[in-house]
Amino acid sequence: MITPFLRGTTALVCLSLAAPALAQESDTPGFLGTLVLTAGKRDLSFGTALSRTVVDEEEIRDRQAGTVAQLIDSVPGVTLVNGTTPQGSGINIRGFGANTTFGSDQKIAVQIDGASVGSEELYRIGTQLFTDPFLYRQAEVLRGTIGSFAYGSGIVGGVVKLESKDAADFTGGMVGLGGAQTFEYSSNGDGWVSSTTLAWMPTARAEFLLNYTLRDQGDLAAGDGSTIGNSAFRTPSYLAKGKLTFGENDDQSLTLSHSSTVADDRDVPYDQFDTTGGAFGNVDRLTDTTQTVLEYRFNPANDLIDLRANLSYADQVIEYDYVPGSSSLEGTPSFPFLLGTVNADQRYETTKLTITNRALFDSGVVSHDLLLGVEAQRRERADNSAAGAPGGTNDRFALFAVDEMAIDRVTVTPALRYESSRIESALPLGGFPSRYEKDALMGGLALAYDFGGGLSLFGSAAYTEGLPIIDDLGASAAAQRRIAQSEKSRTLELGAAYTGADLFAGGDSFSLRGNLYDTRLWDITSYTVAGSTSTELAEVESQGIELEASYGTASGYYVDLAGHLAEGTEYNPGGTSTTWRNSPADRIQVTFGRKWSNDLDLSWEVVHAADRRDSTGADLPSSTIHNLRATWRPEQGWLDETEVRFGMENLTDEDYVGHLSSPSRKAPGRTFKVTLSKMF
């Protein structure tokens, strides 16, 4: 049930204001395509039923984030769980995704250039999104289910899509050489980054890019001056990418990208959510993550053909070696079993082929933007049953269709996805079958109406099923129950948008978009009753309001706003209920700034969060964090194409624990950052 407070706020949310701006080309198909509006730092979506936020390359540089998870936690409904290190942090969207036990619950999807990554349920390890923000030109967050049918099944929280940099970004699309060098320093933990990019376009039809980024961070200090244990890391990353364009009128292209990140951690806690070794003790951990993507595109001068074939391979290897004497249980009867866990290596590989075609055509008075797709995927995981990660293979096949149909002022967008799954265990299951098959048909409907004069109303209803996964394999009664059924969910959304310019002063622009959502999850296999490992919850309900706004004046002043209010309830089989343990905090973020042409940008960001809890469920006090940022582009003589960025995060040195984080893992205290970049 939505509280009276949320009901009363709905009226405010359904008034959305946005400023006219140039449409940007989007590769996202069907009704996911949108007009992008900019007044301040962030682009806002208009003319779409999808809750979509884009963090572009300018904002990636502006935020000076150390991890992708840290970068996108400013998006409404997104929670960064367990800190700012790639090893322990997780991404939670609308209360789904990373939780207090695993880095993923299969209800969000993460893709790098189309490759599926970070989706294994590894105990006490984050989302496994080991990569660096400097490799990417854009991070896109699709919230909810309605926009997920082209990306997977069982997606309740949303999709995170990362797009790597292109050589043309550095050569300006012209034949020749280009590149960039960036150095960054962070006072908290004496962190530093060096990122080098080389780009070459030998002809207008060929482009090549190399990037090498080395990021190093020591242990951070909290607001009270205490050291945050297990917060140091060193991650070298690289990206190699090439693109060839050919065919009649350059209507075909072939793009190959390969990226890798390695984290070699010594004498660190096995439990990455915590700051000390505890019962599990410490380990030497080597994590090697790679993604390789080959994409072919055929886009002739024909509205019926825009064909893409994306072949991807993602591989992650995690090798552990226990550090003797580090476990508090060493010498006890239970220690030999624990030793098998902390010494067990892990590897999982995902190979996927996705073929889509986008067609534009008319049938009578109806204009169609139709996306059709087929997808085949194989996930292989080495057996690591000692660490709670059974081995096996999961083969999936999917068909999907999204058709945006425009009739005058009305846009109707049905979406369908059919997916089948076959799981085979790597080991015998004690007399139970070693192969399990399941399939499901899911879909949704989005509606939008343009009232004219800048006002539009939109809504959607979506149903999806989460098919069993390799982690559900086992010989226990609970495992056999989970492997035999799929989780179901439905999400309803309602929102509105209004565009306007010259509203309060000549040349100003104002954009505001609001969205109300309601999600119900049942036939649950991924969450158990508090205190139990074998009894699943009966149902989870989650409701929330998301708000994004931006206002800018002709003289360069701007205000950006992002907010989220949420509540959730989890129901036990006996009929009792309590607050949904993974609900996001109530959060509002406001940025005040001014731009002087393209030369100087000064801003002050205020982030207030309430209704917060740590990973144990204990209440946390509200927190208010202040961040200052400045960007200077001299553009004079030899300083042309140079950027100098200054940042001050947690200006008041607030001492606090992040929402859903371990109580021992405090948030970083005051941090000064400086970045020097030079394009050449």
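Between Glu349 and Arg379, no side-chain nitrogen of the basic residue sits less than 4.0 Å from a carboxylate oxygen of the acidic one, so the salt-bridge criterion is not met. Note on Lys107 versus Glu487: salt bridge recorded, some NZ/NE/NH1/NH2 to OD/OE distance being below 4.0 Å. Using a 4.0 Å cut-off between charged side-chain N and carboxylate O, Arg143 and Glu548 make a salt bridge. A salt bridge links Glu140 to Arg52: one of the charged nitrogens lies within less than 4.0 Å of a carboxylate oxygen. Between Arg481 and Glu536, at least one side-chain N (NZ, or NE/NH1/NH2) sits under 4.0 Å from a carboxylate O, which counts as a salt bridge. The existence of a salt bridge linking Asp264 and Arg266 is confirmed by a sub-4.0 Å separation between a basic side-chain nitrogen and an acidic carboxylate oxygen. Using a cutoff of 4.0 Å between basic side-chain nitrogens and carboxylate oxygens, Lys161 and Asp113 are not scored as salt-bridged. Using a 4.0 Å cut-off between charged side-chain N and carboxylate O, Asp611 and Arg613 make a salt bridge.
Heavy-atom minimum distance, Ala479 versus Ser476: N-OG, 3.1 Å. The minimum heavy-atom distance between Arg665 and Asp274, with the atom names listed, is NH2-O, 3.2 Å. Minimum heavy-atom separation, Ala610 to Ala585: O-CB, 3.4 Å. For the pair Ser489 and Leu521, the tightest heavy-atom approach, listed with the atom from each and the gap, is CB-CD1, 3.6 Å. Across every non-hydrogen atom of Leu467 and Ser420, the tightest pair is CD1-C, 4.4 Å. For the residue pair Thr569 and Trp580, the shortest heavy atom distance occurs at N-CB, 3.5 Å.
Just one of Glu437, Glu375, Glu419 meets the salt bridge (Lys or Arg N to Asp or Glu O under 4.0 Å) condition when paired with Arg396; it is Glu419.
The shortest side-chain heavy-atom distance between Arg422 and Arg435 falls under the 4.5 Å cut-off. Pro76 has its side chain out of reach of Leu547: every pair of non-hydrogen atoms, C-beta onward, lies at least 4.5 Å apart. Counting only heavy atoms from C-beta outward, the side chains of Arg490 and Asp518 approach each other to under 4.5 Å. Looking at heavy atoms from C-beta onward, Leu80 lies out of side-chain contact with Val78 at the 4.5 angstrom threshold. Side-chain contact between Val342 and Val323 is absent, with no heavy-atom pair separated by less than 4.5 Å. The side-chain heavy atoms of Ile155 and Phe96, taken from C-beta on, include no pair separated by under 4.5 Å. Contact check for Gln106 versus Ser104: side-chain heavy atoms found under the 4.5 Å cut-off. Side chains of Tyr656 and Asn650 form a contact here, defined as non-hydrogen atoms less than 4.5 Å apart.
At a cut-off of 3.5 Å, with distance as the only test, a side-chain donor of Asn282 or Asp267 sits close to an acceptor on the other residue. Side chain to side chain, Ser421 and Asn394 meet the donor-acceptor criterion of an N or O pair below 3.5 Å. Judged by distance alone, the side chains of Lys352 and Ser116 do bring a donor and an acceptor atom under 3.5 Å apart. Counted by atom type alone, Thr227 and Asp219 present zero donor-acceptor pairs between their side chains at under 3.5 Å. Residues Gln485 and Asp523 bring no donor and acceptor atom of their side chains to less than 3.5 Å of each other. When only modelled atom types and interatomic distance are considered, Tyr527 and Asn582 share no side-chain donor-acceptor pair under 3.5 Å. The closest side-chain donor-acceptor pair between Ser425 and Tyr436, if any, does not fall under 3.5 angstrom. Using modelled atom types, one finds a donor on one side chain and an acceptor on the other under 3.5 Å when comparing Tyr320 with Gln346.
Rounding to the nearest 0.5 Å gives a distance of 7.5 Å between CD of Glu493 and CD1 of Ile146. Atoms CD and OG1, from Glu570 and Thr528 in turn, are 9.0 Å apart once rounded to the nearest 0.5 Å. Atom-to-atom distance recorded for Trp522:CH2 and Glu541:CD is 10.5 Å, nearest 0.5 angstrom. Within the model, atoms CZ of Phe233 and OG1 of Thr67 stand 7.0 Å from one another, a figure rounded to the nearest 0.5 Å. In this structure, CD1 on Ile423 lies 7.5 Å from CD1 on Ile469, to the nearest 0.5 angstrom. Rounded to the nearest 0.5 Å, atoms CZ (Arg381) and CG (Asp471) are 4.0 Å apart.
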Using side chain to side chain donor-acceptor pair (under 3.5 Å), reason through Ser51 and Asn515 one step at a time and then give a plain yes or no. CA-CA 7 Å; Ser51 296; Asn515 190 63; 3.0 Å; yes
Take Ser327 and Leu338 through the test side chain to side chain contact (heavy atoms under 4.5 Å, CB included) and record every step on the way to the result. CA-CA 9 Å; Ser327 170; Leu338 190 66; 3.8 Å; yes
Test side chain to side chain donor-acceptor pair (under 3.5 Å) on Thr624 and His608 and set out the steps. CA-CA 4 Å; Thr624 302; His608 178 77; 2.8 Å; yes
Using the side chain to side chain donor-acceptor pair (under 3.5 Å) rule, take Thr275 and Asn230 through it: C-alpha gap first, then chi angles, then the decisive distance, then the call. CA-CA 5 Å; Thr275 56; Asn230 195 24; over 6 Å; no
Verdict with supporting geometry, Glu380 and Thr393, side chain to side chain donor-acceptor pair (under 3.5 Å): CA-CA 4 Å; Glu380 301 177 78; Thr393 60; over 6 Å; no
Applying salt bridge (charged side-chain N to carboxylate O under 4.0 Å, His left out) to Glu319 and Arg285, what does each step give before you reach the verdict? CA-CA 6 Å; Glu319 298 177 350; Arg285 177 192 286 111; over 6 Å; no
Could you go through the side chain to side chain contact (heavy atoms under 4.5 Å, CB included) check for Val317 and Asp345 one step at a time? CA-CA 8 Å; Val317 178; Asp345 297 334; over 6 Å; no
Steps toward side chain to side chain contact (heavy atoms under 4.5 Å, CB included) verdict (Tyr151, Arg417): CA-CA 10 Å; Tyr151 307 105; Arg417 182 181 182 93; 5.9 Å; no
Do Arg347 and Ile318 pass the side chain to side chain contact (heavy atoms under 4.5 Å, CB included) test, and can you show the C-alpha distance, the side-chain angles, and the key distance before you say yes or no? CA-CA 6 Å; Arg347 183 177 187 180; Ile318 307 178; over 6 Å; no
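Within the 3.5 Å criterion, the main-chain N or O of Ile483 finds no donor-acceptor partner in the side chain of Asp472. The main-chain N or O of Gly575 is never found under 3.5 Å from a side-chain atom of Asn572 such that the two would form a donor-acceptor pair. Between the side chain of Asn92 and the backbone N or O of Gly95, at least one donor-acceptor pair lies under 3.5 Å. With hydrogens and angles ignored, the 3.5 Å screen pairs a side-chain donor or acceptor of Thr332 with a backbone N or O of Leu329. A donor-acceptor distance shorter than 3.5 angstrom exists from the side chain of Ser231 to the backbone of Leu220, with no hydrogens or angles considered.
The aromatic rings of Phe280 and Tyr270 lie parallel to each other, their planes meeting at an angle below 30°, with 60° marking the opposite boundary.
Ring centroid separation for the pair Tyr463 and Phe149 does not come in under the 6.0 Å cut-off.
Relative to the six-membered ring of Tyr517, Arg94 meets both conditions, a distance below 6.0 Å and an angle of at most 45° to the axis.
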